[in-house]
Amino acid sequence: MVYALICDLPSKWEKKIVGAMNVTLLPGGVCAEISGVNLCRPLIDNVFSKIYKAWLGTGALLIRGQCLTDKQLLTFAKQFGDLEFPPSKLLSLMNSDSSSDKIPSHINVISNVVENGRPIGQLGAGEASWHTDSAFVEEPPAASILYAIEIPSKGGNTTLANMTKAWDSLDPVLRAAIRGKKAKHDYTYTSVGERRKDFPEVLDPREAPGPAHPIVRTHPDTGRESLYLGRRLNCYILGLSLNESEKLLDQLWKHAVKPEFTYEHVWQVGDVLMWDNRCTMHRREAFDKSERRIMHRAQVKGERPYFEVE
Ligand code: SIN
């Protein structure tokens with residue numbers, strides 16, 4: 001199997017693999033595929049700098065055919081910055097029903113698998129609606145890195161949407177309406193619509209718990225502006241009436257997830273898909289709950305979103 005071969009390569013072969021590294025922009029320009037790299041070992045500087053450049057340039061990377069332990073996944077992630085905890089831990093809500101002592105705490109298990117009557121991970125088999133990871137904390141992660149260990153025979157595709165492209169092509173009237181404005185990001189519900197333990201139901205988005213972030217944010221590394229919408233449920237634009245906020249958000253969302261800003265990923269075991277959370281949203285389609293899907297995710301720390309006025 002190609003998969004095992006890549007893992008078992010002696011280090012003398014590594015150089016050859018690195019030498020063959022390729023960066024290919026996938027159709028739509030939302031994700032770049034990196035081939036010819038073995039993430040089992042730390043990447044040498046010039047290889048990493050090419051990968052980093054491709055990541056900043058597109059906002060998302062696909063690296064297929066990997067065979068990683070959690071430690072190797074975290075080592076890869078660490079090259080992009082300090083590791084961040086999974087959302088539940090970020091919210092100090094470590095849920096003993098869905099965590100396992102065997103998993104390093106920076107690894108977020110995304111899975112529908114139930115073992116001994118307990119879910120081994122988060123998000124089940126339902127649709128995860130469009131969102132930016134952990135926009136509901138003051139300093140949301142900069143990067144999310146998702147590694148496929150088991151996948152269902154169909155469904156469970158993950159689609160990314162590039163928010164820089166969405167902002168660049170937004171109607172000037174809408175751009176003027178949101179420039180400099182902030183939106184509140186509710187942390188009560190997960191992306192599959194489940195209410196987090198211990199948080200009361202939200203009856204009015206204006207009262208929802210969570211930080212406010214600029215709706216247009218400046219990327220700290222590229223200086224480019226992107227829409228930053230978090231998630232639709234219970235979002236609220238500060239300073240507007242609830243009706244005005246809902247109307248404006250509906251217009252923004254309609255634009256933000258147009259197919260021309262998206263890349264739909266059909267998973268293979270061994271895929272690593274990573275996205276820049278500062279300028280990319282994503283959703284996961286539902287899949288048959290009788291099938292197994294196990295993904296391990298690492299996250300890299302980010303900064304408080306800001307909008308730099310020219
Ligand atoms: C997520 O929403 O972060 C999970 C995406 C996926 O399961 O593909």
Side-chain angles (χ1 to χ4, degrees), residues 30-31 59-64 66 68 70 73 77 80 83-91 93 95 98-99 103 106-114 119-137 140-163 185-194 196 228-233 253 256-257 262-289 291-302:
V30 170
C31 183
L61 296 181
L62 167 65
I63 310 171
R64 289 201 194 266
Q66 301 300 311
L68 303 175
D70 285 337
L73 177 61
F80 290 83
L83 297 177
E84 185 53 282
F85 288 112
S88 52
K89 194 152 183 184
L90 272 176
L91 285 170
L93 275 178
N95 179 351
S98 58
S99 65
I103 305 295
H106 283 104
I107 290 284
N108 189 12
V109 180
I110 312 281
S111 183
N112 65 318
V113 173
V114 175
I120 65 162
Q122 315 280 328
L123 302 185
E127 177 187 345
S129 55
W130 284 110
H131 65 283
T132 309
D133 284 327
S134 302
F136 46 77
V137 298
S144 296
I145 306 173
L146 197 57
Y147 171 56
I149 295 171
E150 286 189 50
I151 56 165
S153 58
K154 62 175 185 329
N157 294 352
T158 304
T159 303
L160 310 176
N162 183 304
M163 292 298 102
H185 297 260
D186 173 39
Y187 54 62
T188 311
Y189 298 88
T190 68
S191 56
V192 288
E194 277 168 5
R196 294 180 202 276
Y228 192 67
L229 299 178
R231 53 196 72 192
R232 180 65 186 90
L233 183 65
W253 275 92
V257 297
T262 66
Y263 163 71
E264 180 171 1
H265 185 59
V266 182
W267 290 95
Q268 295 173 12
V269 169
D271 284 353
V272 171
L273 183 68
M274 71 177 285
W275 56 87
D276 187 333
N277 246 322
R278 299 163 292 191
C279 56
T280 313
M281 291 204 297
H282 59 284
R283 73 176 280 270
R284 196 259 331 260
E285 69 173 349
F287 57 97
D288 183 343
K289 64 176 190 284
E291 295 208 50
R292 290 166 64 94
R293 187 177 189 268
I294 305 180
M295 323 291 268
H296 282 192
R297 190 172 83 189
Q299 300 197 133
V300 176
K301 270 190 195 304

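Position 1 is the first residue of the sequence; numbering continues from there. Order of appearance sets the numbers: ligands from 1, and atoms from 1 within every ligand. Since the model is a prediction, treat every value here as computed from it, not as a measurement.
- The cationic group of Arg196 lies under 6.0 Å from the six-membered ring centre of Phe136 and within 45° of the ring axis, placing it in a cation-pi geometry.
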Just list the N/O pairs, ligand 1 to protein, that are under 3.5 Å apart, with the distance for each.
from, atom 1, to, atom 2, distance (Å)
ligand 1, 2 (O), His131, NE2, 3.1
ligand 1, 2 (O), His282, NE2, 3.2
ligand 1, 3 (O), His282, NE2, 3.1
ligand 1, 3 (O), Arg297, NH1, 2.5
ligand 1, 7 (O), Arg284, NH1, 3.3
ligand 1, 7 (O), Arg293, NH1, 2.8
ligand 1, 8 (O), Thr158, OG1, 2.5
ligand 1, 8 (O), Arg293, NH2, 2.8

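- For an aromatic pair to be called close, the ring centres must be under 6.0 Å apart, and Tyr228 with His185 satisfies this.
- Remark: the backbone N or O of Arg64 is paired with a side-chain donor or acceptor of Gln66 at under 3.5 angstrom.
- With sequence neighbours excluded, the residues forming a side-chain contact (heavy atoms from CB on, under 4.5 Å) with Asp276 are Trp55, Leu56, His219, Arg278, Cys279, Thr280, listed by chain and number.
- Looking at every heavy atom in both residues, Leu123 comes nearest to Arg284 through O-NH2, 3.0 Å.
- The only option from His282, Arg283, Arg231 that meets the side-chain hydrogen bond (donor to acceptor under 3.5 Å, both in side chains) definition with His131 turns out to be His282.
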